[in-house]
Amino acid sequence: MPELPEVENVARAMSDALLGKRLDGIRVTYAGALKPTPRKVRSALLGLRLNEVMRHGKYIFLGFGHDVDDVTAQLLLHLRMTGQVFVQSDYRPDKHVHLFFDFEGRVVFYRDIRKFGGFELLDGAPGAAAIPHVGQDMLLISRRDWLLKIGKRTAPIKVLLLNQGIAAGLGNIYADEALHRAGVHPLARPVDLDVKTLARVFRESRRVLRQGIKHGGTTFQDFVDFTGKPGNFRDQLRVYGRTGEPCPVCSGKIVRLKVGGRSSHYCAVCQPE
DNA sequence: AAGATTACCTGAAGGC
DNA sequence: TGCCTTCAGGTAATCT
């Protein structure tokens, strides 16, 4: 499931492989993956070059223009739950591949089993202004701003870490991992925690996201990188998906609990309520 | 106004 | 070639 580290790896790979290349064609087998309509997207982008790849939280902005560095139109990409973007010369597309982008002969596939994700054409090049409900990127927000936004809240901290309006990028897996590393229970309320503890959650959130990026992301079920390979961070997970196993730090039992409708995994010993 | 619930989809897993 | 229910989790919309 793509969260910030997985999206960052996709963005970097797209940038490396496609920057400056001309978009010559788009084949569409599921129109819902290309908004507002495949026709309008083709009419706006065909013949233009990909001049910018920018990640914000779990979103990727793809900037297109006529000349070098010129950006006159943008595609906004979100992978949601099962979206995959990759280039693989020997790949045989299955029924879940919905889009084929032709960049000067190189084919980029968009595959999405659950069809939640996709691309959306933005008028002009609004960038982050197109997603005003999304807060600053979790890797860019200052500790001060983050503490101001979260410090007095009364909702469970797990829910707030997942709230993309406060800071963008953490998903269910990395949020559980960050809370374990910080030693904080997922139901803890920020208003009840001291600043030092909150600062630890902030630091560990950043750290686990950076480690995820370094390891090529986490593949639990569906994520693959730009070359179609799964990520390596799964081995580093300490609590997510390890219900019933011993905690790697203290050997306490890892338990699972629904928080805000989402499964949360934590160590009952390291993360007391 | 924040928090809870539901919708969007498909596939895997497990009970019977 | 079994049927049915539940679950997985990102986000928007719709409730309370």
### Query
Does a salt bridge link A/K158 with A/D176, judged by any charged N lying under 4.0 Å from a carboxylate O?
yes
### Task
Specify the separation, in whole Å, of atom OH of A/Y30 and atom P of B/dC8.
11 Å
### Query
To the side chain of A/Y59, which of C/dG10, C/dT11, B/dT10 is closest?
C/dT11
### side-chain contact (heavy atoms from CB on, under 4.5 Å) partner of A/T82, the single match among A/R114, A/K115, A/R111
A/R114
### Query
Does A/Q164 have a side-chain nitrogen or oxygen under 4.0 Å from the phosphate oxygens OP1 or OP2 of C/dG10?
no
### Message
I want to verify a distance call: between B/dG11, C/dA12, B/dG3, whose nearest atom is closest to the A/T154 side chain?
### Response
B/dG3
#### Entry: Any A/H78 side-chain N or O less than 4.0 Å from OP1/OP2 of C/dA12
no
### Ion pair check, A/D137 and A/R55, cut-off under 4.0 Å
yes
### Query
Is the closest basic N to carboxylate O distance between A/E104 and A/R49 below 4.0 Å?
yes
### Message
Do A/I254 and A/P246 have side chains that approach each other closer than 4.5 Å (heavy atoms only, starting at C-beta)?
### Response
no
### Message
Between A/R262 and C/dG10, is there a contact of a side-chain N or O with OP1 or OP2 at under 4.0 Å?
### Response
yes
### Query
Does A/I131 sit in a hydrophobic cluster with other residues, and if so which ones, taking ILVMFWY side chains as linked at heavy-atom separations under 4.5 Å, directly or through other members?
A/M54, A/Y59, A/F61, A/L76, A/L122, A/V134
### Query
Rounded to whole angstrom units, what separation is found between the CG atom of A/D176 and the C1' atom of C/dG10?
15 Å
### Summary
Quick note, A/I113 side chain, CB onward, closest among B/dT10, B/dG3, C/dA8 is B/dT10
### Message
Below the 4.0 Å mark, does C/dT6 have OP1 or OP2 next to a side-chain nitrogen or oxygen of A/K258?
### Response
no
### Task
Rounded to the nearest angstrom, tell me the gap between atom OH in A/Y110 and atom P in B/dC9.
13 Å
### Task
Taking only the side-chain nitrogens and oxygens of A/T82, find out if one of them lies under 4.0 Å from OP1 or OP2 of B/dC9.
no
#### Entry: Residue-phosphate contact under 4.0 Å: A/K95 side-chain N/O, B/dC9 OP1/OP2
no
#### Entry: Nearest-Å distance for atom pair CG/P, residues A/L162 and B/dA2
17 Å
### Message
Using whole Å, what does the distance between atom C1' of nucleotide B/dA2 and atom CZ of A/R189 come to?
### Response
13 Å
### Task
Taking only Lys NZ, Arg NE, NH1 and NH2, and the carboxylate oxygens of Asp or Glu, determine whether A/R200 and A/E204 approach each other closer than 4.0 Å.
no
### Query
Taking the P atom of each, how far is C/dT14 from B/dC9, in whole Å?
15 Å
#### Entry: Integer angstrom distance from the P of C/dT11 to that of B/dA12
24 Å
### Task
Hunt down the Watson-Crick or G-U wobble partner of B/dC9, both distances under 3.5 Å, from any strand shown, or write none.
none
### Task
Take the protein atom CG of A/N163 and the nucleotide atom P of B/dA1, then report the distance between them rounded to whole Å.
15 Å
### Summary
In numerical order, the residues of residues 114-142 of chain A whose heavy atoms come under 4.0 Å of DNA chain C are A/R114, A/F116, A/H133
### Task
Give a yes-or-no answer on whether the side chains of A/D112 and A/Y110 include a donor-acceptor pair shorter than 3.5 Å.
yes
## Note on the structure
When rounded to whole Å, the CG to C1' distance for the pair A/L77 and C/dT11 reads 14 Å
### Message
Please report the distance, rounded to the nearest Å, between CZ in A/R80 and P in B/dG11.
### Response
19 Å
